[in-house]
Asker: 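Sending over a structure as structure tokens; questions will come in a sec.
Just so it is clear: chains get the letters A, B, ... in the order the sequence lines come, proteins before strands, and each one is counted from 1. Side chains included, hydrogens not; waters and symmetry mates left out as well; all remaining heavy atoms used.
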Amino acid sequence: MPNIIKLATWNVNSARLRLPSIERFIKEESPDVLGLQEIKCQEDQFPFEAFHALGYEHIHVAGQKGYHGAATVSKLPMTRMDTDFCPLGHARHVSSQITANKHNFEFHNFYIPAGGDVADPVVNDKFQHKLDFIAAMTNYFTQRAAKGDDRLVLVGDFNIAPGEHDVWGHKQLLKVVSHTPLEVEVLARLQNTYGFIDCSRRHIDDAEKLYSWWSYRARDVMKSNRGRRLDHIWVSPALAGAVDTLGRDGHAIHVPCRIWDKPSDHVPMTQLIDLSKI
DNA sequence: ATGGTCGACTTTCGA
């Protein structure tokens, strides 16, 4: 087992329909652990065999019929954790304790609610649900943070682009769900519980545009390039050294996946973790 | 200019 492992996250918008693309991504990038969101199937419909054939022996699925859903597939041994964040009972999260070279870390895979169209919790239940879901995460990690120096990885589709250069047009999107000041604030509050490190910005300047999602509705999606950085990989401070070994080269947002055949509207991202530094 | 497109599973919802 090498000392450097690769973690990945991808909102695939249907695990079954996207399976050929997922297989291609795995062959190109060989992640050791891959968190999937929006699998859009029940657990018994998840393509376990395809992942087993690619060496992912360990699979945790939180599925439901038709909508949402998260799954984590891993080459490394995992133990399922018992956590719950969704007030509506949606399958939007799966937490796993992972063992790598005798080191343990937790891998929390999230699909935070998108929040509907109107950025007002009074008139839009979906926006309120998004805030409630993030509040449940914040409560959980606040309690955890009081106890010690845990090795945590949080990944997934957070459905919030926090920074000015995490969207194609900051001013144009200030009232658009995913980039409102209120969402940015509650995400920062979640991040502050542990002082989570935003891996995409660890070695890339805040002024550089970074996107992980582009609407299906856009024409000439890559030419117009009206993207948002909705997907995230965060690590707790105990893993800071483990993400710094390779600097900027340790992280990647795999933009070309957006123009593969039958693409997801999100692209995957990867982060290397140097186990010798934990 | 306020559309437009996906995917699952229905005659519509969530994104």
Asker: In whole Å, measure the gap between the C1' atoms of B:dG3 and B:dA8 for me.
Answerer: 24 Å
Asker: OP1 or OP2 of B:dA15 versus the side-chain N and O atoms of A:R92: is any pair under 4.0 Å?
Answerer: yes
Asker: Angle class for the A:F141/A:F85 ring planes (parallel below 30°, perpendicular above 60°, tilted otherwise)?
Answerer: parallel
Asker: Using a cut-off of less than 4.0 Å, is there contact between a side-chain N or O of A:K262 and OP1 or OP2 of B:dT5?
Answerer: no
Asker: Without decimals, in angstroms, what is the distance between A:D220 CG and B:dT5 P?
Answerer: 13 Å
Asker: Between atom CG in A:L17 and atom P in B:dA15, what is the gap in whole Å?
Answerer: 18 Å
Asker: Are A:W10 and A:F25 close enough that their ring centres sit under 6.0 Å apart?
Answerer: yes
Asker: Start at the 5' end of DNA chain B and walk down; is the nucleotide closest to A:G66 or to A:N159 reached first?
Answerer: A:G66
Asker: Please determine, for the side chain of A:Y67, which listed nucleotide (B:dG14, B:dA15, B:dT10) has the closest atom?
Answerer: B:dG14
Asker: Could you check how far CZ of A:R217 sits from C1' of B:dA15, rounded to whole Å?
Answerer: 8 Å
Asker: How far does the P atom of B:dA1 sit from the matching atom of B:dT12, given to the nearest Å?
Answerer: 31 Å
Asker: Among the nucleotides B:dT5, B:dC13, B:dA15, which one has an atom lying closest to any side-chain atom of A:Y111?
Answerer: B:dA15
Asker: Please measure how far the P atom in B:dC13 lies from the corresponding atom in B:dT2, and state the result in whole Å.
Answerer: 24 Å
Asker: Which part of the nucleic acid, if any, lies within contact of A:R258, taking any heavy atom under 4.0 Å across all strands shown: a base, the sugar-phosphate backbone alone, or nothing?
Answerer: nothing
Asker: With heavy-atom distances below 4.5 Å as the criterion, would you say the side chains of A:I59 and A:T72 are in contact?
Answerer: no
Asker: Of all the choices, B:dG7, B:dA15, B:dT10, which nucleotide is nearest to the side chain of A:K65 once you look at every atom?
Answerer: B:dT10
Asker: Using the C1' atom as the reference point in each nucleotide, state the distance between B:dG7 and B:dT11 in Å, no decimals.
Answerer: 15 Å
Asker: Closest to the A:Y216 side chain: B:dC6, B:dG14, B:dC9?
Answerer: B:dC6
Asker: Can you label the angle between the A:F196 ring and the A:Y194 ring as parallel, tilted or perpendicular, going by 30° and 60°?
Answerer: tilted
Asker: With A:Q37 as reference, evaluate A:T9, A:N11, A:N13, A:D157 under the side-chain hydrogen bond (donor to acceptor under 3.5 Å, both in side chains) test and give the passing residue.
Answerer: A:T9
Asker: Grab the CD-C1' distance between A:Q64 and B:dA15 for me, whole Å please.
Answerer: 13 Å
Asker: In whole Å, what is the span from the CG atom of A:D117 to the P atom of B:dC13?
Answerer: 13 Å
Asker: So which nucleotide from B:dA8, B:dG14, B:dT10 ends up closest to the side chain of A:H68?
Answerer: B:dG14
Asker: What integer distance in Å separates A:R226:CZ from B:dA1:P?
Answerer: 15 Å
Asker: Nearest-Å distance, CG (A:D261) to C1' (B:dC6)?
Answerer: 15 Å
Asker: Nearest whole angstrom, please: distance from the C1' of B:dA15 to the CG of A:D125.
Answerer: 17 Å
Asker: Considering only atom P, compute the distance from B:dT5 to B:dC9 and round it to an integer number of Å.
Answerer: 22 Å
Asker: B:dG7 phosphate, OP1 or OP2: any side-chain N/O from A:R16 under 4.0 angstrom?
Answerer: no
Asker: I want to know whether A:F133 and A:H93 have ring centres closer than 6.0 Å.
Answerer: no
Asker: On a whole-Å scale, what distance lies between the P atoms belonging to B:dT10 and B:dC6?
Answerer: 22 Å
Asker: Nearest nucleotide by nearest heavy atom, which residue falls closer to the 5' end of DNA chain B, A:D265 or A:A218?
Answerer: A:A218
